[in-house]
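Everything below concerns the one structure shown next.
All values below were derived from every heavy atom in this structure, side-chain atoms included, with hydrogens, water molecules and symmetry-related copies excluded. Naming convention: chains lettered A, B, ... in sequence-line order (proteins, then strands); numbering from 1 in each chain.
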Protein chains: 2
Amino acid sequence: MNPVSAPKPATLHDVAKAAGVSLITASRALGNPGVVSKATIEKVQAAVEATGYIPNRLAGGLKSKRSLMVGGIVPALSVAQFLPTLEALTAELATSGYQLILGQTSYDAAQEESVLDAMIGRQPDAIFMTGLVQSQKARDRLRRSGIPVVESWDLSDRPVDMLVGFSHVKVGSAVGGYFLGKRWKRIGIASGDDHRARMRRDGFQTTLGREVPTVFVPAPSSLELGRRALGELLDKEPKLQAICCSSDQLAHGVIVEALARGLRVPQDLAVCGFGNADFGAHTVPSISTVHVDGAEIGRLAARLIVARCKGEVIDQPVIDVGFRMIERQSTAI
Amino acid sequence: MNPVSAPKPATLHDVAKAAGVSLITASRALGNPGVVSKATIEKVQAAVEATGYIPNRLAGGLKSKRSLMVGGIVPALSVAQFLPTLEALTAELATSGYQLILGQTSYDAAQEESVLDAMIGRQPDAIFMTGLVQSQKARDRLRRSGIPVVESWDLSDRPVDMLVGFSHVKVGSAVGGYFLGKRWKRIGIASGDDHRARMRRDGFQTTLGREVPTVFVPAPSSLELGRRALGELLDKEPKLQAICCSSDQLAHGVIVEALARGLRVPQDLAVCGFGNADFGAHTVPSISTVHVDGAEIGRLAARLIVARCKGEVIDQPVIDVGFRMIERQSTAI
DNA sequence: CTGTTAGCGCATTCAA
DNA sequence: TTGAATGCGCTAACAG
């Protein structure tokens with residue numbers, strides 16, 4: 001099928017022969033040039049060009065115990081929330097020669113375990129998790145594997161290892177405090193059914209000092225689900241003044257549905273989102289939200305990983321990146 | 001730092017000893033159970049449980065020449081267009097034990113080459129590309145590496161190897177034909193500046209039989225860029241009747257800006273997108289678009305890869321998944 | 001059905 | 001600064 005049947009990829013052996021040096025000298029010329037004479041390095045590099053040599057990292061990793069791979073685990077790739085994190089993580093790791101192996105859990109603890117096992121078998125130098133490790137079994141396995149782990153997008157009393165995140169309860173409190181300041185009485189919540197969204201809801205309700213009518217929607221949230229959620233909330237509470245949403249996608253849907261029903265936003269219904277998605281600043285009305293620097297989470301995680309793999313001591317293995325509320329038109333009343 | 005310093009992960013050697021069989025028998029019990037007696041398999045599995053053994057796929061891959069890894073290359077993770085493809089690809093490959101290694105090119109040919117080299121060094125059993133391989137150098141390297149390649153999201157006269165995609169020129173023609181049928185005279189284009197969006201524009205203009213005023217925006221396209229694009233197009237052509245956009249994100253932005261300027265959509269301005277993003281069916285007005293089954297592209301690619309890796313003959317290495325126009329409110333006039 | 005032998009390609013010991 | 005030997009953990013061959 002392949003027209004040019006592969007003429008056997010060159011190995012380091014071929015490079016060494018072509019350069020007229022020993023195998024190990026060739027190896028050092030490429031991997032540890034400081035220890036080799038300049039002339040030899042040049043010979044070896046010429047031989048690399050001539051042979052089209054590409055190092056076999058499987059073999060290198062087997063011996064050196066450094067695979068230069070990092071496992072990255074997400075619930076699902078389609079969760080827009082995590083994309084900037086993954087993108088920054090991948091890019092930052094690439095600058096140090098690491099590549100990311102992707103795993104998806106589908107929000108399922110059993111799948112999380114199996115995907116982690118598959119990862120561990122690949123001997124990654126570290127594992128990055130969006131969110132916290134769910135199952136206790138998986139936590140134990142990770143600990144025993146000795147692989148550095150970075151959990152993210154959350155805080156925890158007992159992280160598996162390192163952590164870059166923020167407090168969802170505090171986010172909920174902050175939004176709750178903002179709502180209190182506006183003196184809205186009839187309030188509703190449209191929330192994803194995942195753990196982190198529930199934590200934000202908890203913080204929100206605690207600060208308001210009462211339970212708030214809530215509609216839960218399945219992940220991943222979307223404009224469509226936001227529209228439906230508003231309908232259901234209005235059924236529960238026809239005179240709603242304000243809605244707190246667990247994502248900007250939901251908030252957008254709530255706004256679209258509100259406008260379609262002839263409600264003015266924010267005059268008749270104020271709406272707040274979460275995540276500071278790219279579109280939120282440019283819709284009409286623009287969407288008030290909570291900004292979290294997802295890309296920064298990815299960059300910081302990458303730096304922790306690289307530092308740890310270099311054997312450096314990490315004096316701050318848990319980083320709280322915080323968040324900030326952004327008031328836009330959808331709540332500006 | 002890790003509280004429990006790893007007590008040396010168990011190897012197959014440990015499992016064999018615990019099970020009282022030879023190394024290779026343990027290997028077969030796990031990897032090729034059909035050839036081993038039931039009693040032995042049970043003994044080995046018990047030993048696996050007892051030791052907490054996780055196979056080292058680096059070592060296995062080195063010997064067997066099957067790494068069970070597939071390289072996946074995207075311009076950037078944040079290009080929403082490709083997410084369903086990647087998600088389906090990853091999930092489908094996982095069912096056969098393969099995992100995806102991620103690479104990002106940032107739409108840059110040099111980076112494409114370097115990321116491909118990094119991939120090849122990891123000995124993936126196949127490489128999946130969103131789009132076609134850009135640089136000739138990279139094409140040659142891939143061919144010589146002998147690694148199965150699936151290009152996607154496009155068609156080509158001379159694919160590197162396998163291909164799952166569709167014709168962007170035909171998409172443009174189809175939308176052009178649709179516009180012709182509506183008898184709109186004053187038409188504009190808001191287009192991404194990438195190769196595939198340009199191909200669609202070419203097809204569109206060819207079918208219309210003339211050049212069409214165009215605003216190009218940088219990737220990744222967004223609602224914000226759509227709003228700006230409409231402004232620029234109206235500067236060029238104040239009495240625009242219809243706009244063809246290279247993505248639903250752009251179309252959405254164009255619509256938002258149009259409504260903000262007091263234009264009715266579609267009565268004053270008709271707008272068509274591309275990609276059938278999830279929100280397009282639920283905005284007001286809903287967005288006419290071209291549907292491409294991105295998830296199906298991922299699934300088909302995964303099946304091609306798995307089949308090829310099994311040594312099966314691929315009788316159809318190039319698959320055209322086609323597309324279909326979806327008329328919604330934004331052009332229903 | 002099971003075991004023995006021999007490497008996969010490279011980097012970490014050592015020694016020169 | 002360079003080289004020779006050794007083995008990482010596993011599996012493809014062959015034998016029994």
Near-strand residues of residues 56-71 of chain A, defined as heavy-atom separation under 4.0 angstrom from DNA chain D: A:L62, A:K63, A:K65
Is there a donor-acceptor pair closer than 3.5 Å between any side-chain N or O of B:S67 and the backbone N or O of B:G61? no
Exam field: side chain A:E151 to backbone A:V160, donor-acceptor pair closer than 3.5 Å: yes
Integer-rounded Å distance: C:dC10 C1' and A:I54 CD1: 16 Å
Interface residues of residues 15-24 of chain B with DNA chain D (non-hydrogen, below 4.0 angstrom): B:L23, B:I24
Go through residues 34-51 of chain B and report each residue with a non-hydrogen atom lying under 4.0 Å from DNA chain D, sorted by number. none
Could you pull out the closest heavy-atom pair between A:W153 and A:R196, with the gap in Å? O-CD, 3.2 Å
Closer than 3.5 angstrom, by distance alone: can the side chain of A:S152 be matched with the main-chain N or O of A:L163 as a donor-acceptor pair? no
Give the intermediate values and the outcome of side-chain contact (heavy atoms from CB on, under 4.5 Å) for residues A:M119 and B:Q99. CA-CA 9 Å; A:M119 287 278 165; B:Q99 280 188 281; 3.4 Å; yes
Strictly distance-based, threshold 3.5 Å: is any side-chain N or O of B:Q134 a donor or acceptor partner for the main-chain N or O of B:E112? no
Donor-acceptor pair, distance only, cut-off 3.5 Å: does the side chain of A:D140 make one with the backbone of A:K137? no
Non-neighbouring partners of B:D108 that pass side chain to side chain donor-acceptor pair (under 3.5 Å), sequence neighbours left out: none
Check whether B:Q104 reaches the backbone of B:L77 with its side chain - one donor and one acceptor, N or O, closer than 3.5 Å. yes
A:T130 side chain to A:I73 main-chain N or O, any donor-acceptor pair under 3.5 Å? yes
Can you measure A:N32 atom CG to D:dT2 atom C1' for me and round it to whole angstrom units? 13 Å
Please write out each protein N/O paired with an N/O of nucleotides 14-16 of chain C under 3.5 Å, distance rounded to 0.1 Å.
none

Axial bend angle, the helix from C:dC1-D:dG16 to C:dA16-D:dT1: five-pair end segments, nearest 10°: 30°
Atom pair distance, as rounded to whole Å: NE2 in B:H13 and P in C:dT5: 15 Å
I'd like to know if the side chain of B:S96 and the backbone of B:Y98 have a donor-acceptor N/O pair within less than 3.5 Å. no
Sidechain-backbone polar pair: A:R299 side chain, A:E92 backbone, donor-acceptor under 3.5 Å: no
Kindly indicate whether the side chain of B:T11, heavy atoms from C-beta on, has any atom under 4.5 Å from the side chain of B:N56. no
OP1 or OP2 of C:dC10 under 4.0 Å from side-chain N/O of A:S27: no
Taking only side-chain N and O atoms of B:T11, does any of them lie within less than 4.0 angstrom of OP1 or OP2 on D:dG9? no
Using only atom types and a distance under 3.5 Å, with no angle test, would you say the side chain of B:Q123 pairs donor to acceptor with the backbone of B:L62? no
Nearest-Å distance for atom pair CD/P, residues A:Q123 and C:dG9: 19 Å
Using the rule salt bridge (charged side-chain N to carboxylate O under 4.0 Å, His left out), only one of A:D125, A:D315, A:D161 pairs with A:R308; which is it? A:D161
How far does CG of B:L12 sit from CD1 of B:I24, to the nearest 0.5 angstrom? 8.0 Å
